[in-house]
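First the structure, in the form of structure tokens, and then the observations on it.
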Amino acid sequence: MAQTIITRFPPSPTGYLHLGGARTAIFNWLYARHNHGRFVLRIEDTDVQRSTDESVNAIFEAMEWLGIDWDEGPYFQSERFDIYKKYIDRLISSGNAYYCTCTPEEVDAMRNAAKERGDNPRYDGSCREKNLPWQEGAVVRFKTPLTGNTVVEDMIRGDIAFSNTELDDFIIARGDGSPMYNLAVVIDDITMNINTIIRGDDHISNTPKQILLYQALGAKVPDFGHVPMVLGPDKSRLSKRHGAMSVTAYRDMGYHPDAMVNFLVRLGWSHGDQEFFTRKELIDKFDLDHIGRSAGVFNPEKLLALNAEHIRNAPADSLAAHLLPFLQEKGIAVEAGAYLYGVIETLKPRSKTFVEMADGAAFYFVEKPEYDEKAAAKFLKPALLGPMKQLTDAVSGMAEFNEKNLEDIFKQVMEDSGLGFGKVAQPVRVALTGKTVSPGIFEMMLALGKEKVISRLCDAVAYIERVSE
RNA sequence: GGCCCCAUCGUCUAGUGGCCUAGGACGCCGGCCUCUCACGCCGGAAACACGGGUUCGAGUCCCGUUGGGGUCACCA
């Protein structure tokens, strides 16, 4: 029996959750779910200056919307300083780390000097062998091996070797005793039993430092998998100037979370030629073998197309919950139910987002549709008075309000008036919706219901009579 | 600049030495369907960065070049 896979997502709460971070979270979540493992959420807020509660909440909100649930946590690094302290002391007493009293200015000078010589800017190890005791403001540095290689056995990229001489004695604890990123992550991952780390490849160069820390602590090194980054449409790193990059912005623009997840996963991972995935399929099929190695460009058109496809393929009742907020925003107060589901059904193939769906749904819920001026002028003309009256009467007298009977009524009107189908349908469409564009005439009438159809038809007849005078 | 990573249509990608005359998807163009708008369907233009190897055979393996990206903090 293989070990239980335990993955984690460790955002730092310095802003909203953006697309790239969301994808990393999804990969870790999928990998855990696929392997019946566990997924841990940890908030990396050791940088008290930049971390905010607002960001923490934004992250929770985004994950909830995406449907990414966690089995453990959220843990907050800011609440774990005692633990880090213990490990830092251990590293010092075992000779793997030391206090350093060089000031930032001095270190800067070292770096500049090294640069001048054409060397790598780095700390020169001044305090390394001084065996300094603790003193106010001293930082703790890790004693990086002077020789040898550290190799990252990456599950996605294969082995990546780094010469230890490339690494300097990096700081693991600040002057105030708080832990630095590389230390905190390693301690957390060790104590939380994380054995699988999937993260962006911008972390590759941190990995050898972390491996060295694991080794110094005598801990088992986890499996690493570095996924390529997500680039903006201009192929540069994703940033705020790319516009809406926060996950929740897409929720607000009317995207379906399943489409977002599908899109993000497909950006960098593939399963043959398949493009559309349900959540369950993703969990069933996700693996690390088919994650690509090159960066992916975010393509909003494809996201939109995928969103339309998810809307088209989802059952109406599952779409209702997503649509309701957008309806409310338009001042339409409805509850989920048969009428709404019928409405959604007619709108599914013609809505790319929930915003569009709400727009298209509005006429179903108003008291009386407001006629588009041009539409009324073109189709609600005096010449149509007779046919419209006939149709209205026939519908009023319908025994059963179904598609077959509606078709028969239309046929009769067409026959008696000599008008083609379109000539009859467009005026009816305007009468019922106020617009020239709507779902198919019969499906729309059925969704609207007999009562509304009759009353709107009567209104239209009255309108035509009025303009005829 | 050092180190590291990457390289198939505009974009996301399939491809794990012969099945590739390089497939799919988005977008684009043309057509069909049709009560409007969509959906759907059919067709089209569009890529293996370059140069050397290895091999009977390379998009697939190796090296180099070029190009892109990441990273070098008392940020994460």
Side-chain angles (χ1 to χ4, degrees), chain A residues 10-14 44-47 49-51 77 100 102-104 107-108 111 114-115 118-123 137-141 152 154 157 160-163 165-168 170-176 178-182 184-185 200-208 226 228-229 231 233 235-237 263 266-276 289-290 292-306 308-309 312 346-352 356 360 375 379 410 420-430 433 435-442 444:
Chain A
S12 67
T14 53
E44 309 221 322
D45 56 353
T46 54
D47 186 347
Q49 306 298 321
R50 302 197 302 154
S51 302
Q77 289 189 325
C100 166
C102 297
T103 64
V107 177
D108 264 352
R111 281 199 254 265
K115 229 171 179 172
D119 290 344
N120 271 348
R122 47 186 291 167
Y123 175 67
V139 301
V140 179
R141 286 182 184 275
V152 179
D154 196 283
R157 288 158 205 274
I160 306 169
F162 292 85
S163 167
T165 57
E166 285 295 324
L167 279 24
D168 67 356
F170 56 93
I171 295 176
I172 57 177
R174 299 185 180 90
D176 64 4
S178 63
M180 288 286 286
Y181 168 72
N182 282 119
V185 190
D201 65 12
D202 52 333
H203 281 286
I204 288 182
S205 52
N206 276 323
T207 312
H226 289 94
M229 313 215 64
L231 272 26
K235 297 191 184 179
S236 76
R237 195 177 186 156
F263 172 79
R266 257 306 335 245
L267 212 175
W269 174 82
S270 61
H271 183 76
D273 283 338
Q274 189 173 348
E275 298 284 351
F276 183 93
D289 300 338
H290 295 86
R293 277 168 296 275
S294 52
V297 175
F298 170 67
N299 181 185
E301 280 89 32
K302 187 149 184 171
L303 203 211
L304 185 64
L306 204 49
E309 197 174 347
R312 242 180 281 135
T346 69
L347 264 10
K348 268 164 57 172
R350 51 204 111 222
S351 306
K352 290 193 194 305
E356 283 186 21
F379 296 109
F410 269 69
F421 192 98
K423 295 289 183 201
V424 179
Q426 276 308 82
V428 172
R429 172 168 281 117
V430 175
T433 72
K435 299 172 296 186
T436 54
V437 173
S438 87
I441 200 82
F442 298 128
M444 180 262 287

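If you're wondering where the values come from, they're calculated on a predicted model, not measured in any experiment. Here is the naming used below: chain letters follow the sequence lines, and residue numbers restart at 1 for every chain.
Separating the C1' atom of A22(B) from that of U13(B) is a span of 13 Å, rounded to the nearest Å. Between G2(B) and G10(B), the two C1' atoms lie 35 Å apart (nearest whole Å).
Nearest-nucleotide mapping onto RNA chain B: of Val107(A) and Leu267(A), the residue sitting toward the 5' end is Leu267(A). Summary of the strand contacts: Asp201(A) and Ile441(A) both lie near RNA chain B, and taking for each the nucleotide with the nearest heavy atom, the more 5' one is attributed to Ile441(A).
The residue Phe410(A) sits apart from the nucleic acid: no heavy atom pair falls under 4.0 Å. Contact annotation for Thr46(A): backbone-only contact, meaning every heavy-atom pair under 4.0 Å involves sugar-phosphate atoms and none involves a base. Heavy atoms of His203(A) sit under 4.0 angstrom from at least one base atom. Residue contacts for Gly296(A): at a heavy-atom cut-off of 4.0 Å it reaches the sugar-phosphate backbone alone, with no base atom in range. At the heavy-atom level, Thr436(A) lies under 4.0 Å from base atoms of the strands shown. Within the nucleic acid shown, Arg111(A) comes within 4.0 Å of sugar-phosphate atoms alone, with no base atom in reach, counting heavy atoms only. Counting any heavy atom pair closer than 4.0 Å across all strands shown, Asn299(A) reaches a base atom. At a threshold of 4.0 angstrom between heavy atoms, the contacts of Asn206(A) include nucleobase atoms, whether or not backbone atoms are also involved. At a threshold of 4.0 angstrom between heavy atoms, the contacts of Glu275(A) include nucleobase atoms, whether or not backbone atoms are also involved. As judged by a 4.0 angstrom heavy-atom cut-off over every strand, Ser294(A) is placed among residues touching the sugar-phosphate backbone only. Within 4.0 Å (heavy atoms only), Lys235(A) reaches sugar-phosphate atoms of the nucleic acid but no base atom. In this structure, Ala161(A) reaches the sugar-phosphate backbone alone: every heavy-atom distance under 4.0 Å involves primed, P, OP1 or OP2 atoms, never a base. Pro233(A) comes within contact range of no nucleotide atom at all, as no heavy-atom separation falls under 4.0 Å. Within 4.0 Å of Gly420(A), counting heavy atoms only, lies no atom of the nucleic acid at all.
The partner of C26(B) is G10(B), by the rule that a Watson-Crick or G-U pair needs both atom distances under 3.5 Å. Both distances falling under 3.5 Å, in either a Watson-Crick or a G-U wobble arrangement, occur for no nucleotide opposite U55(B). In this entry G2(B) has U71(B) as its Watson-Crick or G-U wobble partner, both defining distances falling under 3.5 Å. Of all nucleotides present, none satisfies the Watson-Crick or G-U wobble test against C20(B) with each distance under 3.5 Å. Applying the Watson-Crick and G-U wobble criteria (two distances, each under 3.5 Å), U60(B) pairs with nothing in any strand.
Look at Arg157(A) and Asp201(A) and you find a salt bridge, because one of the NZ, NE, NH1 or NH2 atoms lies within 4.0 Å of a carboxylate O, short of that distance. A salt bridge links Glu275(A) with Lys302(A): the closest approach of a Lys/Arg side-chain nitrogen to an acidic carboxylate oxygen falls below 4.0 angstrom. Ion pairing between Asp45(A) and Arg50(A) fails under the 4.0 Å rule for side-chain N and carboxylate O.
Glycosidic conformation of C39(B) is syn; the angle stays within 90° of 0.
Boundaries of the chain A contact region on RNA chain B are G1(B) to A76(B), first to last in 5' to 3' order (nucleotide atom under 4.0 Å from a heavy atom).
Residues forming a salt bridge (Lys or Arg N to Asp or Glu O under 4.0 Å) with Asp108(A) (at least two apart in sequence, or on another chain): none. Arg293(A) pairs by the side chain to side chain donor-acceptor pair (under 3.5 Å) definition with nothing, not counting sequence neighbours. Under the side chain to side chain donor-acceptor pair (under 3.5 Å) criterion, Glu44(A) pairs with Arg42(A), Gln77(A), sequence neighbours left out. By the side chain to side chain donor-acceptor pair (under 3.5 Å) test, Arg312(A) is found to be paired with no residue, residues two or more places apart in sequence or in another chain being considered. For Ser51(A), the side chain to side chain donor-acceptor pair (under 3.5 Å) test picks out no residue, with sequence neighbours left out.
Ring geometry, Phe410(A) versus Phe442(A): the interplanar angle exceeds 60°, so the pair is classed perpendicular (tilted spans 30 to 60°).
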